[in-house]
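Here the structure is laid out as structure tokens; the discussion comes afterwards.
What you are looking at is a predicted structure, and each value in this text was computed from that prediction instead of being measured. Residue numbering restarts at 1 for every chain, and letters A, B, ... go by the order of the sequence lines. All values below were derived from every heavy atom in this structure, side-chain atoms included, with hydrogens, water molecules and symmetry-related copies excluded.
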Protein chains: 2
Amino acid sequence: MYLYDMNLSQVEKISKALGDSHRLKILQQMQKNKGKLECTEACNLLSLAQPSVSHHIKKLVEAGLIHQYKIGRHYHYALNHEVLDMYREALKQL
Amino acid sequence: MYLYDMNLSQVEKISKALGDSHRLKILQQMQKNKGKLECTEACNLLSLAQPSVSHHIKKLVEAGLIHQYKIGRHYHYALNHEVLDMYREALKQL
DNA sequence: TTTATATATTGAAATATTTCAATGTATTAA
DNA sequence: TTAATACATTGAAATATTTCAATATATAAA
């Protein structure tokens with residue numbers, strides 16, 4: 001799969017996911033935290049109710065920007081660098 | 001001004017501007033057309049009423065992604081590559 | 001098994017965005 | 001000066017997104 005292999009509707013979805021300050025803060029915090037974050041951490045960070053944070057995380061997951069996994073009893077989310085790189089490459093063509 | 005000199009709220013604004021299929025098509029068409037486009041052209045391309053196209057173009061202008069200029073009696077819009085590059089660089093830090 | 005912890009889903013209200021008819025502005029051709 | 005062309009603005013309806021209380025699910029500790 002080539003880096004530039006991303007269609008307009010994928011670019012739209014990722015742009016939408018990135019077009020919210022809360023979601024950008026989640027991604028920023030993940031970066032500071034070795035690419036990982038817990039949902040509860042994000043709740044504290046954003047001063048948002050837990051379902052709101054869950055909603056934002058879902059948008060990021062649906063855009064393919066992060067993925068969920070588990071360590072012991074805790075859920076984690078991690079940035080998907082490949083998708084972000086593909087997105088950045090796709091924008092080059094504009 | 002360094003490429004990575006872009007704050008979170010600018011990234012949010014640009015992402016929002018890119019998060020719409022009509023606006024992405026406008027940018028795509030500009031690319032095909034040596035970086036330029038007329039509003040009327042965009043109306044035909046998108047099958048949208050003229051005020052809607054004007055609205056979308058405004059969003060792109062406000063995000064700094066395109067700028068308006070004139071040739072003779074015609075208005076033109078052109079992609080601002082510098083801003084797009086800065087945006088792509090800012091995303092690298094996520 | 002019961003309780004606690006972490007996250008997801010649902011549904012509805014609040015808010016933001018998109019769309020277009022009507023109208024305004026600015027420029028140019030006739 | 002009048003008419004035509006190109007784009008912008010306003011205001012209101014349609015649509016989409018965000019937010020959270022309530023509730024559900026899933027796992028692990030007690």
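- Nucleotide D:dT18 holds its P atom 11 Å from the CD atom of A:E62, rounded to whole Å.
- A search for side chain to side chain donor-acceptor pair (under 3.5 Å) contacts involving A:S15 returns A:Y87, not counting sequence neighbours.
- Within the structure, the side-chain hydrogen bond (donor to acceptor under 3.5 Å, both in side chains) test picks out the following pairs touching residues 56-69 of chain B (sequence neighbours left out): B:R23-B:H56, B:Q68-B:Y77.
- Counting heavy atoms from C-beta on, the side chains of A:I66 and A:L27 come closer than 4.5 Å.
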Practice prompt. Could you go through the side chain to side chain contact (heavy atoms under 4.5 Å, CB included) check for A:L94 and B:Q31 one step at a time?
Written response: CA-CA 6 Å; A:L94 289 182; B:Q31 170 63 13; 5.6 Å; no
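- Checked against C:dA8, D:dT27, D:dC7, the side chain of A:Y75 finds its nearest nucleotide in D:dT27.
- Counting only heavy atoms from C-beta outward, the side chains of B:H22 and B:V53 never approach each other to under 4.5 Å.
- Taking side-chain N and O atoms only, A:H22 has a distance below 4.0 Å to OP1 or OP2 of D:dT19.
- Atom CG in B:L48 sits roughly 15 Å away from atom P in D:dC7 (whole-Å rounding).
- A side-chain hydrogen bond (donor to acceptor under 3.5 Å, both in side chains) check over residues 39-50 of chain B, counting only residues at least two apart or in different chains, returns the pairs B:N33-B:E41.
- For the salt bridge (Lys or Arg N to Asp or Glu O under 4.0 Å) test, residues two or more places apart in sequence or in another chain that qualify with B:K92 are B:E89.
- Within 4.0 Å (heavy atoms only), B:I57 reaches no atom of the nucleic acid at all.
- Within the 4.5 Å cutoff, side-chain heavy atoms of B:L46 are placed close to those of B:K25.
- In this view, B:K36 satisfies the side chain to side chain donor-acceptor pair (under 3.5 Å) rule with no residue, not counting sequence neighbours.
- Computed from coordinates, the B:Q50 CD to D:dT10 P distance equals 14 Å when rounded to whole Å.
- With the end axes of the helix from C:dT1-D:dA30 to C:dA30-D:dT1 each set by five pairs, the angle from one to the other reads 20° at 10° resolution.
- For A:K13, there are no side chain to side chain donor-acceptor pair (under 3.5 Å) partners at least two apart in sequence or on another chain.
- Here the nucleotide nearest the side chain of A:Q68, chosen from D:dT19, C:dA6, C:dA8, is C:dA8.
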With B for base contact, S for sugar-phosphate-only contact and - for none (protein heavy atoms under 4.0 Å), nucleotides 10-17 of chain C reads -------S
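- For the pair A:V11/B:L18, no side-chain contact is recorded, criterion being any heavy-atom separation below 4.5 Å from C-beta on.
- You'll find the side chain of B:E12 reaches within 4.5 Å of the side chain of B:K16, heavy atoms only.
- The side chain of A:Y77 places no N or O atom within less than 4.0 Å of a non-bridging phosphate oxygen (OP1 or OP2) of C:dA6.
- Put simply, A:S52 has no side-chain N or O that comes within less than 4.0 Å of OP1 or OP2 on D:dT18.
- Proximity of A:H76 to the phosphate of C:dA6: no side-chain N or O atom is located under 4.0 Å from OP1 or OP2.
- For DNA chain D, no neighbouring residue in residues 24-33 of chain A is found when judged by any heavy atom under 4.0 Å.
- For B:E38 against D:dA6, a side-chain-to-base donor-acceptor contact under 3.5 Å is absent.
- Within the 4.0 Å cut-off from OP1 or OP2 of C:dT5, not a single side-chain nitrogen or oxygen of A:T40 is found.
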